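Since the structure comes first, as structure tokens, the remarks are kept for the end.
If you're wondering where the values come from, they're calculated on a predicted model, not measured in any experiment. All chains are named by letter (A, B, ...) in the order of the sequence lines, taking the proteins before the strands, and each is independently numbered beginning at 1.
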Protein chains: 4
Amino acid sequence: MEFRENEAIYLQIAAYAGENILLGKWGQEDKIPSVRELASDLQVNPNTVMRAYEFLQGKEVIVNKRGIGFFIASDAKQKLKAYRKEDFLGHELPEFFRNLLLLEITMDEIKTRFETFIVENNQPK
Amino acid sequence: MEFRENEAIYLQIAAYAGENILLGKWGQEDKIPSVRELASDLQVNPNTVMRAYEFLQGKEVIVNKRGIGFFIASDAKQKLKAYRKEDFLGHELPEFFRNLLLLEITMDEIKTRFETFIVENNQPK
Amino acid sequence: MEFRENEAIYLQIAAYAGENILLGKWGQEDKIPSVRELASDLQVNPNTVMRAYEFLQGKEVIVNKRGIGFFIASDAKQKLKAYRKEDFLGHELPEFFRNLLLLEITMDEIKTRFETFIVENNQPK
Amino acid sequence: MEFRENEAIYLQIAAYAGENILLGKWGQEDKIPSVRELASDLQVNPNTVMRAYEFLQGKEVIVNKRGIGFFIASDAKQKLKAYRKEDFLGHELPEFFRNLLLLEITMDEIKTRFETFIVENNQPK
DNA sequence: GTGGTCTAGACCACC
DNA sequence: GTGGTCTAGACCACA
């Protein structure tokens, strides 16, 4: 995995974990990779993974069973979705609309591009 | 002006200046507020405003006349628009589409919200 | 049984055993549950129960008869009471008093709450 | 400052900061010592102080002004008190009462000891 | 100057 | 084996 320069690595790891949960790759209530394991997978320091897990634990997306490991919270998916939706509707969408107006892009053009996007991305694997 | 926590203040100031230019509040080739003036307006350290201006200067959106001040470049508006459009189409839009799919929001809902947004924001003072 | 997050499970198990002894549920000189039995009762790893028993053994509250099991020491109750009293008077009570002052709670309020507490807890099955 | 062995240093630092706020040594909205400064004062690694500050920031007891430092939140005192009171009434007090019953200590004895405690601790400095 | 992040490596308690 | 904490030291962006 490669990391973007302008964002903290631990946040990118947290986001990566979030994706895995949302996409169902890491199933509800499953054990997630141990700190050391993921660290060696991603080629980062264990402390960095630890920070990512602490971050997610603070959001109650994962929970810790002492001496055993981290597990996905039973309602992790809903929580993550709720977080995202709140952010999306509250910040991204208004910003998106303002850009449409400023850049003089019509809703119809967006619609067309969306359909193209779906076609290009909907037959993965 | 209030600043978002997770973004550098100088970038937020640069964005604020960009808005003013795009919206025509700061007219083409006009002198823009001096570093000290804007700093005291926004309640920030003059160095921070300076960084914002240097940033915009680097993008050739504003130019510096030594001893006089900063002025809006003659083609500032087009440049800003070009920058934004490139970023918008290249990064924001695909990200936006991915969010729509993940959060299960339809294009129709977006359209409706857009119309509401226009109504709410189209009667500025 | 549910465990508090911030305290080692084996210590919580030891405390649980202590309670049972002090309350007379586990009678003087009785055999106490085997490691495996208690472990399956409490849904924890047998090693964890073992550590709790070793801890109590170190305090001479229980004794091990090899091949047979653990037994409550003849003077277990007095010992436990002594340990607790020492800890209570030496550490908890001063801490308790400091909290009263900091949180501006009066002795009278404590008294009232104590009476309520007794009423609520004095009709056990 | 000396640290207890059985509690994480960063938590002890957070508690120490909390005391200073509750006792008014660090006034409302004041700037608190910088990470490096406190670290050298307390003879610990800056990272450790950082964790303590992050912890307090998570509880919204202190806030960060970018590039300037950490400041005490305007309602820090109330928040801290609320946290403590919740913990005290919810956990410590019932535990305290249970100990009274188990150890056969009367409320009157507590009262007497409390008066002694006040006399001993009320003429500091 | 400030905080923020990261690494390398260590030691510990716990399960 | 697991996570949790701590140190030493580095580098960075920001005000």
Just to verify, what does D:K79 make a salt bridge (charged side-chain N to carboxylate O under 4.0 Å, His left out) with, not counting sequence neighbours? D:E60, D:D75

When Watson-Crick pairs (N1 to N3 and N6-O4 or O6-N4) and G-U wobble pairs (N1-O2 and O6-N3) count only below 3.5 Å on both distances, what is the dot-bracket string of DNA chain F, with | for other-strand pairs? ||||||||||||||.

Is the shortest distance from a Lys or Arg side-chain nitrogen in D:E92 or D:K85 to a carboxylate oxygen in the other one below 4.0 Å? no

Min side-chain heavy-atom separation B:L23-A:L102 under 4.5 Å: yes

Heavy-atom closest contact (A:L42 atom, A:F3 atom, distance): O-CE1, 4.0 Å

Whichever of B:V44 and A:F70 has the more 5' nearest nucleotide on DNA chain F, that residue is A:F70

According to salt bridge (charged side-chain N to carboxylate O under 4.0 Å, His left out), who are the partners of D:R4, at least two apart in sequence or on a separate chain? D:E7

Using side chain to side chain donor-acceptor pair (under 3.5 Å) as the criterion, list what pairs up with D:D30, not counting sequence neighbours. none

DNA chain E-proximal residues of residues 2-21 of chain D, any heavy atom under 4.0 Å: none

At a heavy-atom distance below 4.0 Å, which nucleotide of DNA chain F is the first touched by chain A, and which is the last? F:dG1 to F:dC6

Residues two or more places apart in sequence or in another chain: which of them pass side chain to side chain donor-acceptor pair (under 3.5 Å) with B:E95? B:R98

Mind running a 4.0 Å heavy-atom check of residues 56-68 of chain A against DNA chain F and sending the residues that fall below it, in number order? A:N64, A:G67, A:I68

Sorted by position of nearest nucleotide on DNA chain E, 5' first, the leading residue of D:R36 and A:P46 is D:R36

Cation-pi check for A:F71 against A:K65: NZ or CZ below 6.0 Å from the six-membered ring centre and within 45 degrees of the axis, yes or no? yes

Go through the structure and list residues passing ring pair (Phe, Tyr, Trp, His ring centres under 6.0 Å) with C:F97, not counting sequence neighbours. D:F114, D:F117

Between D:E54 and D:K31, whichever has its closest DNA chain E nucleotide further toward 5' is D:K31

Restricting to side chain to side chain contact (heavy atoms under 4.5 Å, CB included), what partner residues turn up for D:L80, sequence neighbours left out? D:I21, D:L22, D:V61

Does a salt bridge link C:K59 with C:E54, judged by any charged N lying under 4.0 Å from a carboxylate O? no

Name all residues meeting the salt bridge (charged side-chain N to carboxylate O under 4.0 Å, His left out) criterion together with D:R36; count only those two or more places apart in sequence or in a different chain, and write none if there are none. none

Residues which pass ring pair (Phe, Tyr, Trp, His ring centres under 6.0 Å) with D:F88, listed by chain and number, not counting sequence neighbours: C:F96

